[in-house]
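Just so we're on the same page: letters track the sequence lines, and every chain starts at 1. Below, each value reflects all heavy atoms present in this structure, side chains not excepted, and no hydrogens, waters or symmetry copies. Predicted, not measured: the structure shown is a model, and the values here were computed from it.
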Amino acid sequence: MTTQLSPQYNPKEVEDKIYRLWEESGVFAPEAHQPRADNPDNLSKPTTHNLQPTTYTIVVPPPNVTGSLHLGHALNAVIQDILIRKKRMQGFQALWLPGTDHAGIATQNVVEKELKKKGTNRYDLKQEGFIEEVWRWKEKYGNIILGQFKKLGSSMDWSRTRFTMDEGYQKAVEEAFRRYYEKGWIYRAERVINWCPRCQTSLADLELEYKEVETKLYYIYYPIKSKEITDAFAKLWAPLPKSASEALFRNKYKFDPDKTKHIRVATTRPETMLGDAAVAVNPKDERYKGFVGEKVMLPIQNREIPIVADDAVEMEFGTGAVKVTPSHDLLDAEIAERHNLPRHTVINAFGKMTKEAGALCEGLKAGECREKVVEELKQNGFLEKEEPYKHNVAVCYRCATAIEPIPSLQWFLKMAELARLAIDAVKSKKVTFHPDRWKKVYLDRLENEKDWTISRQIWWGHRIPVWYHEPKCVPKNGHEDDVVKCQELLISEKEPKCEFCDAKFVQDPDVLDTWFSSALWPFAVMGWPASASAENGSASGGKATAGKPSDLKQFYPTQVLSTARDIISIWVAKMVFSGMFFIGKEPFSDVIIHATILTKEGKRMSKSLGTGVDPMTLIEKYGADALRFGLIWQAMGGQDIRWSEEHVVAGKKFANKVWNAARFVITNLQLTTYNQQQPVAKTPADKEIIEKFEKTKKGVSADIEEYDFGHALNNLYDFFWHEFCDKYIESAKQQLNKEDTAESTQNVLCYILTGSLKLLHPFMPFLTEEIWSHLPAKDKKLLIVEDW
RNA sequence: GGGCGCUUAGCUCAGUGGUAGAGCGACUCGUUUACACCGAGUAGGCCGGGGGUUCGAUACCCUCAGCGCCCACCA
């Protein structure tokens, strides 16, 4: 039977079969394994988590439900799988917990596109109907990526699969919001935020992209206030109606910069001048020493505004004087705050000019208003010149619409103390980065953390659990105290009831930023908050959608978070402070920042540019083990990878080499039983291969412990191919023919093969498990749970 | 503008204070009973430029150049 092995390894015949075997035998669940108290790793390398030294946990960074697996995901999954498989073989109760993220804006956009194809839109469906539609979409397409993880061989415990919007998770989010609120860290305020007029939502800084745009820089005269100017302005821009003489004046008047004291400002967005609150100059700027404190008259608006001094102004740019529009520019908003300037909101959420913009422009789109304003300024000589100008404009990362900064009522989370928690966890080495240099990126960012805008004006996501009492309460018993009480907002998942009247409560229409829920991932997936109070009961039971009750106690904190570097501040830091704040323990001790996979030209892979590579195609072509090999082979030292398919080819060849070496050993094995103890060396070749194997085993184990997967694989490859196959097997052919060494050689062959298969298993699990199944041994376990 | 990283064989990348390595590719030879997805060989590199430390530098320091990524976003 063993002689029927084909001379070529065929992954297609093996992979699905083996994966089914693993799934059906339940080995992915940590409960399937008895913890080994004598595990050498437990004794020699106690983790900081002494409560459960026999568990080893990784929670997968949840991919977006809209996503399909790309090479970055694949690399990340393989890294985690290697760690989990090794620890499982070493006798740990290894848990790798899978799940997906609801990905607010991304998912909403995908479903909106689908709707558009059907000739409808979300407004037709209304909020409830749309959300139902998204759920339907999610049920249909949301688990594709999890299936792709399986194809890769990921040994995740599928019974614990979670989703950031499943039933239990909703509770976690509400609980988190409530606790922050009670702490006084959540507040609502009007702030200038990045607003996408198309998506009708606020965007975080990290959700912006920048596009270079050719535009114009307009130089405008703002005259210093004087009797003459105020008189002129009164005739030019006094409120309607204008008299005939004023109209005449208006037609005739030209501003003369040589005769009138003025300050010049440069702007790319003249329409926003309608909302100007000041002109700012740098306090060090000699040119404007005498100007600070003076008043200028704002053309068109006929409004007096001050000249202020602020460090944020660059002297070199434009004229060195900047118009300050607190409502429509983030930097200006900051300047306005420092100088206590009023806000004039002239652009609304739809990108149209408001009433406050004045009669000239009200109702126009911002772009139309610009032309109008420029024309108006030209008419009376207030526009000095326009220059062509290239600069970066912030656009929405989903729809590429230009961002309109506008003031808007948003929910915020105070970050001062939370950022401190996240900083301390890393500085005190409770959380360690690998490679170490990413620590700096993390800390630098946190030191400058601003309050977090947690509300988003979209429909798909966790609804903000705040309810407003509307209309005003008319208490049944008429006590004033009660009015005050029931006007407070309430934090609740479900609609609350007023104790004092029959009025309805209205829930805040916004949803939370997706990262608000992602931040809770490491413990929310373990059943928090319900599990936080649960006894350490039986490990089974409990619905998957709520997390198993004892998981938090047993598997938190986790050991490793492996992720890409671009979400260090947006996600990793948030998980750390969430874990510290809600649970009192860091969510993971080691953060692996894996290599970023670039194109061969060293550019970012991008689906839209067609430079992405689909891992599924590679699996189809070369097999999952070959892909895993190719990924890890290239991921050396945490450096970025310029993707090269050659190494997947090398992986395929190596798989075939291992397959054939095993075929040779198996066909030459007359032994029906063997133990896995180190055999006695009878020849120099025996001695050498055994020594080299022991060295390789040590090296590979150590490399994996240090997350140096590329080196581990290189060593293994080198040992197996060049030492075992090229040298020892060749010697063995002779030794097998000699009576006195025949049996001992079989023992050595068997020992090295089985040992190598174990070391290789975390890297190439399908191949090695398949070979293992052909070994002629009794009482064999599955390789996945064999002793390392 | 700030930060980080990279620059070694044709390509993708390791590496070490003391005469340069792997995989793939190229070339030569080999149909020896695991594997031609193989074996035995060969060629190919002033280790980005310049300076310094050192008996000695690809490696350590400085500097320049090119490339890449992240952060900021200058009206």
Side-chain angles (χ1 to χ4, degrees), chain A residues 3 5-9 205-206 208 210 217-220 265-270 272-273 276 279-280 282 312-325 328-332 335 389 391-394 403 435 437-441 444-445 448 564-570 595-596 598-604 622-623 626 629-630 633-668 708 710-711 713-715 717-718 721-722 724-727 729-730 732-733 736-737 749 753:
Chain A
T3 51
L5 295 180
S6 112
Q8 281 188 21
Y9 172 62
D205 290 351
L206 288 156
L208 303 180
Y210 292 87
L217 194 57
Y218 300 86
Y219 289 78
I220 306 170
V265 299
T267 180
T268 54
R269 300 197 62 196
T272 63
M273 71 172 284
D276 279 2
V279 170
N282 192 296
V313 180
E314 295 284 337
M315 291 190 276
E316 290 76 27
F317 187 86
T319 61
V322 60
K323 56 192 268 322
V324 180
T325 318
H328 301 292
D329 184 281
L330 267 60
L331 183 69
D332 289 4
I335 295 176
Y389 183 62
H391 74 141
N392 287 337
V393 172
I403 292 305
R437 72 181 122 91
W438 296 111
K439 181 170 82 177
K440 188 171 154 50
V441 174
D444 284 357
R445 174 54 193 262
N448 299 304
R565 54 147 173 266
D566 43 350
I567 51 180
I568 289 174
S569 46
I570 203 172
T596 299
L598 307 170
T599 65
K600 200 150 190 166
E601 288 71 41
K603 298 273 156 66
R604 249 207 125 91
Y622 304 106
F629 180 100
W633 187 264
Q634 292 180 70
M636 301 289 287
Q639 291 304 334
D640 286 354
I641 296 168
R642 292 191 180 198
W643 179 252
S644 160
E645 201 170 304
E646 292 156 9
H647 299 111
V648 184
V649 177
K652 183 173 183 276
K653 287 185 175 183
F654 184 52
N656 199 242
K657 189 75 181 173
V658 175
W659 177 255
N660 276 291
R663 212 156 68 94
F664 173 82
V665 174
I666 290 166
T667 49
N668 283 288
D708 201 350
H711 281 110
L713 184 57
N714 267 273
N715 286 341
Y717 176 92
D718 197 52
W721 198 307
H722 300 303
F724 185 52
C725 294
D726 290 351
K727 292 182 192 159
I729 287 184
E730 292 310 313
K733 285 174 184 171
L736 284 167
N737 290 329
L749 283 170
L753 178 69

Look at the side chain of [X] and decide which nucleotide, out of [options], has an atom nearest to it.
{"X": "A:Val322", "options": "B:A75, B:C13, B:C69", "answer": "B:A75"}
{"X": "A:His711", "options": "B:A14, B:A75, B:G5", "answer": "B:A14"}
{"X": "A:Trp633", "options": "B:C71, B:G23, B:G5", "answer": "B:G23"}

Give the rounded distance in Å between these two atoms: [atom1] of [X] and [atom2] of [N].
{"X": "A:Asp640", "N": "B:U12", "atom1": "CG", "atom2": "P", "answer": "14 Å"}
{"X": "A:Lys727", "N": "B:G39", "atom1": "NZ", "atom2": "C1'", "answer": "14 Å"}
{"X": "A:Phe317", "N": "B:A75", "atom1": "CZ", "atom2": "C1'", "answer": "6 Å"}
{"X": "A:Ile567", "N": "B:C71", "atom1": "CD1", "atom2": "P", "answer": "12 Å"}
{"X": "A:Tyr622", "N": "B:G23", "atom1": "OH", "atom2": "P", "answer": "18 Å"}

What residues form a side chain to side chain donor-acceptor pair (under 3.5 Å) with [X], not counting sequence neighbours?
{"X": "A:Tyr717", "result": "none"}
{"X": "A:Thr596", "result": "A:Arg565"}
{"X": "A:Asn656", "result": "A:Asn660"}

Exercise for the section: Using the test salt bridge (Lys or Arg N to Asp or Glu O under 4.0 Å), find all partners of A:Asp276 that sit at least two apart in sequence or belong to another chain. Expected result: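 Residues passing salt bridge (Lys or Arg N to Asp or Glu O under 4.0 Å) with A:Asp276: A:Lys323.
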Detail all sub-3.5 Å separations between protein N/O atoms and N/O atoms belonging to nucleotides 27-31 of chain B.
none

Can you sort out the partners of [X] under side chain to side chain contact (heavy atoms under 4.5 Å, CB included), two or more places apart, ordered by chain and number?
{"X": "A:Arg642", "result": "none"}
{"X": "A:Asp726", "result": "A:Lys657, A:Trp721, A:His722"}
{"X": "A:Lys733", "result": "A:Phe664, A:Ile729, A:Glu730"}

What is the nucleic acid contact for [X], judged by heavy atoms within less than 4.0 Å: base, sugar-phosphate only, or nothing?
{"X": "A:His328", "result": "nothing"}
{"X": "A:Tyr218", "result": "nothing"}
{"X": "A:Gln634", "result": "sugar-phosphate"}

Problem - A:His722 side chain near B:G39 phosphate (N/O to OP1/OP2, under 4.0 Å) - result: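 It does not, given that no N or O in the side chain of A:His722 lies less than 4.0 Å from OP1 or OP2 of B:G39.
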Exercise for the section: Kindly say if A:Tyr389 contacts the phosphate of B:A75, meaning a side-chain N or O under 4.0 Å from OP1 or OP2. Expected result: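 A:Tyr389 to B:A75 OP1/OP2: side-chain N or O found under 4.0 Å.
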Practice task
With sequence neighbours excluded, tell me which residues meet ring pair (Phe, Tyr, Trp, His ring centres under 6.0 Å) with A:Trp659.
Solution key: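 A:Trp659: ring pair (Phe, Tyr, Trp, His ring centres under 6.0 Å) contacts with A:Tyr9.
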Handout entry: Paired and unpaired positions of RNA chain B as dot-bracket, Watson-Crick or G-U wobble under 3.5 Å, | denoting a partner strand
Key = (((((((..((((....[..)))).(((((.......))))).....(((((..]....))))))))))))....
Exercise for the section: Determine, for nucleotides 32-38 of chain B in 5'-to-3' order, which nucleotides have protein heavy atoms under 4.0 Å from the base (write B), from only the sugar-phosphate (write S), or from neither (write -). Expected result: --BB-BS
Taking only N/O atoms, report every protein-nucleotides 7-11 of chain B pair under 3.5 Å with atom names and distance.
from: B:C11; atom 1: O2'; to: A:Lys600; atom 2: NZ; distance (Å): 3.0

